Amino acid sequence: DVSFALDKFAYQAEILYAAEALRASEAQFRLLAEENLAGVVIVQDGRFKYVNPARARMLGYSREELLGASGVLEFVADEDRTLVQENLRRCQDGEARSMRYTIRARKKDGSSAYFEVFGSRLPFEGRFAVICTVLDITERKRAEETQAKLAAIVERSNDAIIGRALDGTITSWNAAAEGILGYTAAEVIGHDPVEMFPPLLQQQITEYRKLVRAGQMVPNHDTVHIAKDGRHIDFTANLSAIKDNNGRIIGTATTLRDI
């Protein structure tokens with residue numbers, strides 16, 4: 001019958017159109033993924049099904065080595081394996097539409113690195129899989145760890161350590177500064193309490209700050225601060241610049257040692 005033949009022809013045309021659309025979509029995906037500077041992987045049942053060049057470079061392996069591995073967990077630090085396994089399972093099974101987390105991974109040279117993973121569920125070869133975009137955040141994490149260590153050192157120091165913005169307002173005030181000078185961090189942060197300096201020294205302090213902002217060295221020097229209770233306390237002071245990641249001076253740090 002003619003109508004049946006036409007219906008069959010239309011159905012076959014739809015199948016061919018869908019197949020062509022799928023091929024075009026896959027080609028576009030590969031084009032974008034292959035050139036992407038971020039890592040892109042497809043994981044199904046715990047194994048790599050696709051790995052782009054950037055992700056292979058991040059780990060120091062060839063794509064063939066990653067695709068031929070027994071599973072993705074082979075490249076994950078022991079302490080993060082449970083996290084990765086559970087996140088992949090939940091996403092592939094549809095319990096989570098997307099995911100974002102940070103992991104430590106093992107590189108081929110034996111070193112470790114930090115990666116931020118963004119994953120979502122997608123159909124792949126007739127079943128669901130997880131596509132992940134992976135960013136190398138090792139430098140950022142190392143900087144955060146260094147910053148945390150420095151902050152701990154500052155907080156435990158017996159010397160008063162005071163951070164200031166370029167306009168002189170206080171941005172940090174450690175426990176020793178609070179104990180020696182009597183002001184809490186809440187009282188001074190965001191302010192430039194000139195009452196802590198004897199009037200005769202205020203001009204000198206202003207000049208020292210200008211030197212630091214100009215990138216010049218300020219020698220250690222003796223100074224006096226006035227505590228909250230009115231006591232005049234003698235210190236040896238060290239004044240240095242605070243710089244951002246680009247080397248731009250964004251403030252000053254003063255270390256005061258009670259003498």
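From a predicted model like this one, the values you see are computed outputs, not experimental measurements. The first residue of the sequence shown is numbered 1, and numbering continues consecutively from there.
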>> Run I180 and F235 through side-chain contact (heavy atoms from CB on, under 4.5 Å) and show every step you take.
In response: CA-CA 11 Å; I180 296 170; F235 293 101; 3.6 Å; yes
>> Working note: I170 + M196, criterion side-chain contact (heavy atoms from CB on, under 4.5 Å); need CA distance, chi angles, decisive distance, verdict.
In response: CA-CA 12 Å; I170 292 175; M196 285 196 298; 4.2 Å; yes
>> Checking I131 against F124 for the side-chain contact (heavy atoms from CB on, under 4.5 Å) test, could you report, in this order, the C-alpha distance in whole Å, the side-chain angles of both residues, the deciding distance, and whether it holds?
In response: CA-CA 10 Å; I131 183 170; F124 183 79; over 6 Å; no
> Where do R55 and D136 land on the salt bridge (charged side-chain N to carboxylate O under 4.0 Å, His left out) test, with the steps shown first?
Replying inline: CA-CA 9 Å; R55 183 55 178 152; D136 189 337; over 6 Å; no
> Would K49 and E125 satisfy salt bridge (charged side-chain N to carboxylate O under 4.0 Å, His left out), going step by step from the backbone distance to the final call?
Replying inline: CA-CA 10 Å; K49 294 295 184 177; E125 296 182 346; 5.0 Å; no
>> For D234 and D258: C-alpha separation, side-chain torsions, deciding distance, then whether side-chain contact (heavy atoms from CB on, under 4.5 Å) applies.
In response: CA-CA 6 Å; D234 295 317; D258 187 349; 5.7 Å; no
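Ionic pairing of R106 and D80 is not present here: no N-O contact between side-chain nitrogen and carboxylate oxygen is shorter than 4.0 angstrom. The pair R121-D93 does not meet the salt-bridge criterion, since no charged nitrogen lies less than 4.0 angstrom from a carboxylate oxygen. Ion pair R140/E144 flagged as a salt bridge, since at least one NZ, NE, NH1 or NH2 atom sits closer than 4.0 Å to an Asp/Glu carboxylate oxygen. Between K108 and E65 there is a salt bridge, since a side-chain N of the basic residue sits under 4.0 Å from a carboxylate O of the acidic one. By the 4.0 Å N-to-carboxylate-O rule, D229 lies close enough to R231 to be salt-bridged with it.
Atoms OH and CZ, from Y114 and R104 in turn, are 5.5 Å apart once rounded to the nearest 0.5 Å.
Contact check for T223 versus L256: side-chain heavy atoms found under the 4.5 Å cut-off. You'll find the side chain of Y101 reaches within 4.5 Å of the side chain of L83, heavy atoms only. Side-chain contact between L67 and V51 is present, with at least one heavy-atom pair separated by less than 4.5 Å. Contact check for I205 versus Q202: no side-chain heavy atoms found under the 4.5 Å cut-off. Inter-residue side-chain proximity for R89 and Q85 is flagged as unmet; no heavy-atom pair is nearer than 4.5 Å. Taking the side chain as every heavy atom from C-beta outward, S172 and I162 never approach each other to under 4.5 Å. Counting heavy atoms from C-beta outward, R248 and K243 have side chains that stay 4.5 Å or more apart. At a threshold of 4.5 Å between non-hydrogen side-chain atoms, the residues D192 and D167 do not count as touching.
Taking both residues in full, the closest heavy atoms of R213 and L166 are given as NH1-O, 3.0 Å, listed atom of the first, atom of the second, then distance. Between P53 and R63 the shortest heavy-atom distance is CD-NH1, 3.6 Å. Across all their heavy atoms, A177 and A160 have their closest contact at CA-CB, 3.6 Å.
F197 meets the ring pair (Phe, Tyr, Trp, His ring centres under 6.0 Å) test with H225; sequence neighbours excluded. Contacts of H221 classified as ring pair (Phe, Tyr, Trp, His ring centres under 6.0 Å), with partners at least two apart in sequence or in another chain: Y208. Among residues two or more places apart in sequence or in another chain, the ring pair (Phe, Tyr, Trp, His ring centres under 6.0 Å) test is passed with Y183 by none.
Under the 3.5 Å distance criterion, the side-chain polar atoms of R81 are matched with a main-chain donor or acceptor of V76. Judged by distance alone, the side chain of E187 and the main-chain N or O of T184 form a donor-acceptor pair under 3.5 Å.
For R257, the CZ atom is loosely surrounded, since the number of other residues' heavy atoms within 6.0 Å does not exceed 12.
Centroid-to-centroid, the aromatic rings of F75 and Y61 come within less than 6.0 Å.
The residue from T254, D159, N220 that alone fulfils the side chain to side chain donor-acceptor pair (under 3.5 Å) condition with N238 is N220.
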